[in-house]
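Each remark here refers to the structure printed beneath this line.
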Amino acid sequence: MPELPEVETIVRGLARAVSGRRIAEVRVEMAGSVVNDLPGDFAETLRGERIESVTRRAKFVVMRLGSGRALTVHLRMTGRLIVEAQPQEDAYSRLRLRFEDGGWLRFSDVRRFGRVRLTADGAWAAGLGPEPLDPAFTPEALRGLLEGRRTPIKSLLLDQSRLAGVGNIYACEALYLAGIHPKRRAGGLSKARVERLHAALIRVLGRAIRMRGSSIDDYVDAEGLRGGFQNTLAVYGREGLSCRRCHAPIKRVTLAQRGTFYCPRCQR
DNA sequence: CTGAGATCCTGGGGGC
DNA sequence: TGCCCCCAGGATCTCA
């Protein structure tokens, strides 16, 4: 479900809502959804901790705890983190936290791919490529990532160990914006094309964050609000519809087992 | 190391 | 209505 802009939106909401609050009660409602890297029981270990900060790394939500430990969440496809005054009925609820001064945080996940992990230092969110919105991510940095790679550029953009945070929607959208065909070999892109892709990634991610993410199916942020970027998508989910720029019908192919949308005229 | 494919799950939508 | 198949915002593991 969520990619960088959605996770960023959730994190901003969570940072406002739960920073500085102490966990009074932990309810594990599906054991398989939580992982404990620390000795002892998950709920016991987490209870009493204060959430110091909430930040994002790639698609991970990282909550730093008072002890220095970290509670890290990956939402995968259908995970949600919802802040609420009272615990809501939810058949897909996996974990609930109650705060000392009232209010709850609920982790819910229909497809059960998501994970909440308690670690000594948040190391779960490691081994990732650079953040595309970090100033250190320059066109030259992107060129370095692509160099010598024979894989299609779309596949490389989805590889979190190369570039962190981009998922299927924004990979498709960025390639459209840059006018690059998703199947082009990553290492074969000209310098000018790499520069266009770099600019497109930053523009599309920034715009999506400003619109609070894309709610294509059921994504909502920590406050339960839908995003707005789905209305602006140029290619993702628009198979057969006309390109907003040239009016050619948008095509869909499968690449690395993922639906891939592009304009056959604008993207070469 | 690289790249391709299967796999983990559940639910929604379309075709018949 | 019901059934079957395909599809889904992700990452990880195995295999060649």
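Each chain gets a letter, A, B and so on, in the order its sequence line appears, and its residues count up from 1.
- The shortest distance between side-chain heavy atoms of A:R203 and A:L177 falls below 4.5 Å.
- Residue A:E239 contributes atom CD, which lies 15 Å from atom C1' of B:dG13 at whole-angstrom precision.
- With hydrogens and angles ignored, a donor-acceptor pair under 3.5 angstrom links the side chain of A:Q257 to the base of B:dA6.
- Between the CG atom of A:L75 and the P atom of B:dC8 there is a distance of 22 Å, rounded to whole Å.
- With hydrogens and angles ignored, no donor-acceptor pair closer than 3.5 Å exists between the side chain of A:R112 and the base of B:dC9.
- Between B:dG3, B:dG11, C:dG10, one nucleotide has an atom nearer to the side chain of A:K59 than all others, and that is C:dG10.
- Between A:H74 and the phosphate of C:dA11, there is a side-chain N or O to OP1/OP2 separation shorter than 4.0 Å.
- For the pair A:I153 CD1 and B:dG3 C1', the computed distance is 15 Å after rounding to whole Å.
- Backbone-only contact: A:G259 has heavy atoms under 4.0 Å from sugar-phosphate atoms and none from a base.
- Across all strands shown, A:Q160 has heavy atoms under 4.0 Å from sugar-phosphate atoms exclusively, and none from any base.
- Under 4.0 Å is where a charged nitrogen must lie from a carboxylate oxygen, and between A:D121 and A:R69 no such pair does.
- Counting any heavy atom pair closer than 4.0 Å across all strands shown, A:R185 reaches no nucleic acid atom.
- The aromatic ring centroids of A:H74 and A:F113 lie 6.0 Å or more from each other.
- The separation between A:D109 atom CG and C:dG10 atom P is 13 Å, rounded to whole Å.
- A distance of about 24 Å separates the P atoms of B:dG11 and C:dT12, rounded to the whole Å.
- You won't find any donor-acceptor pair under 3.5 Å spanning the side chain of A:R258 and the base of C:dA8, going by distance alone.
- Between A:R226 and A:R212 the shortest side-chain heavy-atom distance does not fall below 4.5 Å.
- A straight line from CZ of A:R57 to P of C:dG10 spans 16 Å, rounded to a whole angstrom.
- Look at the P atom in both B:dC9 and C:dT14: the space between them is 16 Å, to the nearest Å.
- The distance from atom CZ of A:R162 to atom P of C:dA11 is 16 Å, rounded to the nearest whole Å.
- For C:dA11, the base is not stacked against the aromatic ring of A:F113, per a cut-off of 5.5 Å between centres and 30° between planes.
- In this structure, NZ of A:K183 is placed 11 Å from P of B:dA4, rounded to the nearest angstrom.
- Of the listed nucleotides (C:dG10, B:dT10, B:dG3), B:dT10 has the atom at the smallest distance from the side chain of A:R111.
- Interatomic distance, CZ of A:R94 versus CZ of A:R27, reported as 16.0 Å (0.5 Å rounding).
- Judged by the 6.0 Å distance and 45° axis criteria, A:R245 is positioned over the aromatic ring of A:Y176.
- Nucleic acid contact for A:R252: sugar-phosphate only, since backbone atoms but no base atoms lie under 4.0 Å from a heavy atom of the residue.
- With a 3.5 Å ceiling on both atom-pair distances, the Watson-Crick or G-U wobble partner of B:dA6 is C:dT12.
- Nearest-nucleotide positions on DNA chain B for A:P152 and A:R94 put A:P152 closer to the 5' end.
- Nucleotide C:dG10 holds its P atom 7 Å from the CG atom of A:L158, rounded to whole Å.
- A:Y92 has no side-chain polar atom (N or O) that falls below the 4.0 Å cut-off from OP1 or OP2 of B:dC9.
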